[in-house]
Amino acid sequence: MTLTNIKRPLTNLDRLKALSGQSVIYAILILGALWALFPFAWMVFSSLKGYTEAYAAETFLPTRWLFSNYIDAWNKVEFFPRYFANTIFIAVCTVAGVLTTSTLAAYAFARMEFPGRDTLFIILLATMMIPFEVTLIPNFILVRNLQWVDNYAALIIPWIASAFSIFLLRQFFKSIPQELFDAAVIDGCTHLRFLTTIVVPLSRPALITSGLFTFLATWNSLMWAILVTNKPEMRPIQVGMAAFIGEAGTQIQLLLAAVTISVIPVIIVYLILQRWFIEGIATVGIRG
Amino acid sequence: MTTQTAESAIPHTRWFSSRTRRRIQWSAYLYILPAYIIIAMFHIIPVFYAIYIGMNKGPINKFVWVGFDHYLRALTGGEFWGSLVTTFAYTLLTMPFTIALGLFFAYLLYQPFVKARGMFRAIFFLPYVVSTVGSSIVWAWILDPRSGLANAALKSVGFPPLRWLIEPSGVFELMAKNIGVTIPEWAGGPSMALVAISIFSIWQAMGYDIVIFLAGLTNIPGELYEAARIDGASGWTLFRHITIPLLAPTTFFVVVISVIGSLQSFNHIFTMNRASAQSLGGPLGSTSTLTVYMFDQLYTNSNYGYATAVAILLSLIILAFTLFNFKFLGKRVQY
């Protein structure tokens, strides 16, 4: 894919043209990157200002850097540490649940023979087409009748299986050579042992992608959590912050400090694993 | 399938060998059971329950059968269609810009000389990853009429401040008023509040489109460009006659995903409405897209039956787009 492949020898003018063209493209890319990043910068700078300075909004950088805002936000926003802990707990349980149920199911669909396998798999694929909205209210009524409102179960159990993850993992498991399995069987290996000792370690990329999608979806979910939590101490962080905005006398610099704290875990996870995430999106996106 | 040659060479063991070759593993059901129980309980059965709820009214556990009344009310009343129009306006305000910017930046990133492509891609993608509640709060603050960065920027270039998220007037109406013309009400255009929310959406979704387009561009065989260049094509001609047509399936996919995204948009509208001290749906309900409307009926008004009926109508629209996507992509993807 050599776009600048020119057959005749390069003259200095050609080089100059190419160089200026390249600088223009870099300049545009940097502008675009700044556009993507400036709200985060504004968030951090505003969160470090004093009350009057934040509302006056006359300077971009704080004149005095009040790191104490972060301590205030952590202490003064009611239940904020609890929101944070709730979300981490919910996210960890959901990711563990999704990875366990999906690995088992994906393995059966990829490697085992059983009556109705293809039908069951197609039903599973079909559920991916059901929009979240249609099951929202029935699920809410179900969870209410199960007395799960204001209980972690409501925030975790409905989401510990994912057709999408099963699909993703099955594709990956299918690409593992049959010979590995045949060799393992000769050595007296059972399916479960083959799965845990060979398939899972080999499938790290797919497991990371699937776990990452689940983590972000859980961390960022809002609508369902609004419905199934009434008590403030049961709220995940997104609901907690959405409630905090509405409270009278909310000071913007504290709110923005709280927002900064809430997005840091996501940004850290993203920065560490962004390659898997972006490539996951690109592959799945293209496949539809 | 691998057949044991030694076995198939002996005729009378054929029955056994074909049976062992199929190797039915009943334990497979145990493997799929945990996932299937959850999916059946929370994703399959609720669909049928939803159809039932949509035909009832009243509080939970005291439902009264009303048949298709909710659907009639939705389809003959103004609110449902109003929300659909708002959703449509919102789609038109976001999708074309996100796609144009996404393709533009993807094409720049795709240029072979570009270094640090991965870093740029990661930065562009960041807004898509960060939680919508958080980034919406930040944007609501940027668009704050009194202390926001947006109005400060407008002021610095000599423009009057705008009311952004709390402005129910249409943008065309505002423009016309600015130059002293009165225009009829129907030509007022989408509300300033909806435009403000759309600016956020464009910011948030651009990175997603860049990643998808970049993947699409990488899939175009390089030989096609080589061949075209030998024939004397360059620059814009290459882009117009090779990149654009070969990206058609990708573009189509992005369009469908964007439309579905608009139909389902909720988190940022909910948060930005709240952060600008508006009730759900924004100033004069002008940012009430379909999902927001559905949630308002559910949460604010506790109309479980009606909200479910709206959810089902919404889902049918989404389903139509999804199926259309599958069918069309299936045909177009092979060139």
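Order of the sequence lines fixes the chain letters, A, B, ..., with proteins taken first and strands second; residue numbering starts at 1 for each chain.
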- Give, as side chain, backbone, both or neither, the part of B:Leu126 having an atom under 4.5 angstrom from any heavy atom of chain A. both

- For B:Phe120, is it the side chain, the backbone, both or neither that has a heavy atom under 4.5 Å from a heavy atom of chain A? side chain

- Is it the backbone or the side chain of B:Ile123 that comes under 4.5 Å from a heavy atom of chain A, or both, or neither? both

- Task: Among B:Met41, B:Met119, B:Arg121, B:Arg146, single out the residue with the greatest number of heavy-atom pairs under 4.5 Å to chain A.
- Result: B:Arg121

- Item | Region of B:Tyr36 that comes under 4.5 Å of a non-hydrogen atom in chain A | side chain

- Under 4.5 Å from any heavy atom of chain A - which part of B:Tyr29: side chain

- Output the option from A:Gly97, A:Pro39, A:Ala108 having the highest count of non-hydrogen pairs under 4.5 Å with chain B. A:Pro39

- Query: Hey, is the main chain of B:Leu280 close enough, under 3.5 Å, to the side chain of B:Asn273 for a donor-acceptor pair?
  - Reply: no

- Task: Would you mind checking which part of B:Phe213 comes under 4.5 Å of any heavy atom in chain A, side chain (CB onward), backbone (N, CA, C, O), both or neither?
- Result: neither

- Given a strict heavy-atom distance threshold of 4.5 Å, which part of A:Val143 is in contact with chain B: side chain, backbone, both, or neither? side chain

- Message: Between A:Leu255 and chain B, with a heavy-atom cut-off of 4.5 Å, which part of the residue counts as in contact: side chain, backbone, both or neither?
- Response: side chain

- Message: Quick check against the 3.5 Å criterion: does A:Arg170 have a side-chain atom that pairs as donor or acceptor with the backbone of A:Ala110?
- Response: no

- Message: If I measure from the heavy atoms of chain A, does B:Gln264 come under 4.5 Å with its side chain, its backbone, both, or neither?
- Response: both

- Side chain from CB out, backbone as N, CA, C, O: work out which of these in B:Leu314 comes under 4.5 Å of a heavy atom of chain A, or both, or neither. side chain

- Message: Counting only non-hydrogen atoms closer than 4.5 Å, does B:Asn61 touch chain A with its backbone (N, CA, C, O), its side chain (CB onward), both, or neither?
- Response: side chain

